[in-house]
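Written below as structure tokens is the structure these notes are about.
Below, chain A is the first sequence line, B the second, and so on; all start at residue 1.
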Number of protein chains: 2
Amino acid sequence: MTPQTRKKPERRTSPLSRERIVDAAIGLLDTAGESGLTFRSLSERLATGPGAIYWHVAGKSELLAAATDRVVTIALTEGTAGPPGGIHDVALGLFDAIEEHPWLAPQLTTQLSHNPTGPVTTRIFEATGRQVSALDAPASSWFTATSALMHYILGAAGQNAANLALARDLGPEADRSAYMDTVAGAWKQLSPEDYPFTRAVADQGLEHDDRVQFLAGIDLIVAGVTARPPAAQQLREGRARAAEAEPPASGRTSPR
Amino acid sequence: MTPQTRKKPERRTSPLSRERIVDAAIGLLDTAGESGLTFRSLSERLATGPGAIYWHVAGKSELLAAATDRVVTIALTEGTAGPPGGIHDVALGLFDAIEEHPWLAPQLTTQLSHNPTGPVTTRIFEATGRQVSALDAPASSWFTATSALMHYILGAAGQNAANLALARDLGPEADRSAYMDTVAGAWKQLSPEDYPFTRAVADQGLEHDDRVQFLAGIDLIVAGVTARPPAAQQLREGRARAAEAEPPASGRTSPR
DNA sequence: CCGTCGCTGGAATGTCGTTCCATGAACGAG
DNA sequence: CTCGTTCATGGAACGACATTCCAGCGACGG
């Protein structure tokens, strides 16, 4: 599968390399979107044929995985400078990476699902969890806290990137503020009977600064991690509630 | 586009209807996976040709949106029975729906991104937020809390569904417990220097009950929503921290 | 000087979403 | 009862895609 004899990388000067292919793929994804990455367009950009690419890359999914891995690794390693506010650094690093590469969010959820033990997933989990373990919280809550943070970061950052893309569609000079007002306006049109909450939120206005909004969510989860006294007890309560929430039907996987 | 004259639904007895098409699509997705839904396979199952389907449905994306909407609506309306533990009901309703329909998780993130004001997104936001507003928390934190919960629910439930699918690949009799042990085993193989946190989490063992694990995350976020005293102040701190976290480079969208 | 092997790129294959069109079934008008 | 119009059907055709195949290239070891 993989080219075995990569022993001396300087055998030639301008060959097609896996790195060059991944670079071109990232550029194509950034400029033309997810659907813009084609083996044809990639061939054209690299001035070669589709067949040549397959010598270095197994297929499209592996190419996407490699591109995702590259971008995530960069985003995670460059932001680890400042000593305080560790979680904010990791979160904003991913937030900015997803904003620059909107295709990243769907790709990351795909990686999470199809390959949970893969390098991308593990890297994000490790980077997030390391900041969690620096918090004042019992180790028994680490996994739960890291999961919550990771899913929020990925989901909210993806949402933000999507909002930006839609804001651009709204008009050339429209920024996120204008788009958020559009969303709030759409929410106010909803039926008061069926959507009281959404209308109430729209009435009080949506935060216009994306990073402030994003970090507010991070801080909210962090508050949940640190502020609660008995973490182990909480988990026991959760177990009891889960059992109680499933009274009669259907033998699922859980009722151990 | 849409068939206007749907006035009298009983004009004929066994016609191709949008409902029948969506039903068949859901069945196909459940049994054959995301890639199993094809207009050809759908035609075959409905004993017709591809062209006929396009009379009722605009295209594949609309078909997927309709299928997603159907499943989400059912999941959200049936679990709204019990009076207490409202968030758990909503969360478990979505959790179970995603577990039964593993294709739902990717579809939901797609809906969230491509159509944030669409019915699916709004429905989930409303259902989640209604339970948030019942909590003891200031209204200014509602949006943030609802976002955090929604992204966690979708992400964690999708992760769980993916784990189940991978556990089935592990062997016919393997359940989630066996798979979680496999993951923990893989994590223990990681480099102690690069992945100290992940190894530490693996050492203390992973919760085997999926619902308990899931609800622990819900409770953690809920604790963050309720337990912190000054929500408005927190947001102001977040704004200050955001400004401080971006000292030198690159004019982004936020630094207003 | 020649054969081999890593590597290339263009052609070919099969499947997909989508469009087109010839046909049929119901129904109101004459 | 008959005909034209409308709604609806389904099979065939089209273009784009990922992937595979294969005939060749160039450099290096013999």
Rounded to whole Å, how long is the line connecting atom [atom1] of [X] with atom [atom2] of [N]?
X	N	atom1	atom2	result
A/E44	D/dC17	CD	P	11 Å
A/H56	D/dA18	NE2	P	18 Å
B/L37	C/dG17	CG	P	7 Å
A/R18	C/dC7	CZ	P	14 Å
A/E34	D/dA16	CD	C1'	18 Å
A/I21	C/dC7	CD1	P	12 Å
A/L28	D/dC17	CG	P	11 Å
A/I53	D/dC21	CD1	C1'	16 Å

Phosphate oxygens OP1/OP2 of D/dA8: is one of them under 4.0 Å from a side-chain N or O of B/W55?
->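 So the side chain of B/W55 is within the cut-off, an N or O lying under 4.0 Å from OP1 or OP2 of D/dA8.
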How about B/F197 and A/F125: are their ring centroids closer than 6.0 Å?
-> yes
Sub-6.0 Å ring centroid separation between A/F214 and A/Y152 | yes
On DNA chain C, nearest-nucleotide positions of B/K60 versus B/G51: which is more 5'?
->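 Nearest-nucleotide comparison on DNA chain C picks B/K60.
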Which residue lies toward the 5' end of DNA chain C, A/A47 or A/R40, if each is placed at its nearest nucleotide?
->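 Nearest nucleotide further toward 5': that of A/A47.
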Return the nearest nucleotide to the side chain of [X]; candidates are [options].
X	options	value
B/F39	D/dG10, C/dG17, C/dA11	C/dG17
A/Y54	D/dT9, C/dT18, D/dT20	D/dT20
B/A52	C/dA11, C/dT18, D/dG10	D/dG10

Atom CD of A/Q111 and atom CG of A/L104: how far apart are they, to the nearest 0.5 Å?
-> 9.5 Å
When the nearest nucleotide of DNA chain D is assigned to B/G49 and to A/S61 on a heavy-atom basis, which residue is associated with the more 5' position?
->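 It is B/G49, whose closest nucleotide lies nearer the 5' terminus.
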Output all residues satisfying side chain to side chain contact (heavy atoms under 4.5 Å, CB included) with A/A105, sequence neighbours left out; order by chain, then residue number.
->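 In terms of side chain to side chain contact (heavy atoms under 4.5 Å, CB included), with neighbours along the sequence ignored, A/A105 is linked to A/I98.
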Option from B/R70, B/R18, B/R45 for which salt bridge (Lys or Arg N to Asp or Glu O under 4.0 Å) with B/D23 holds = B/R70
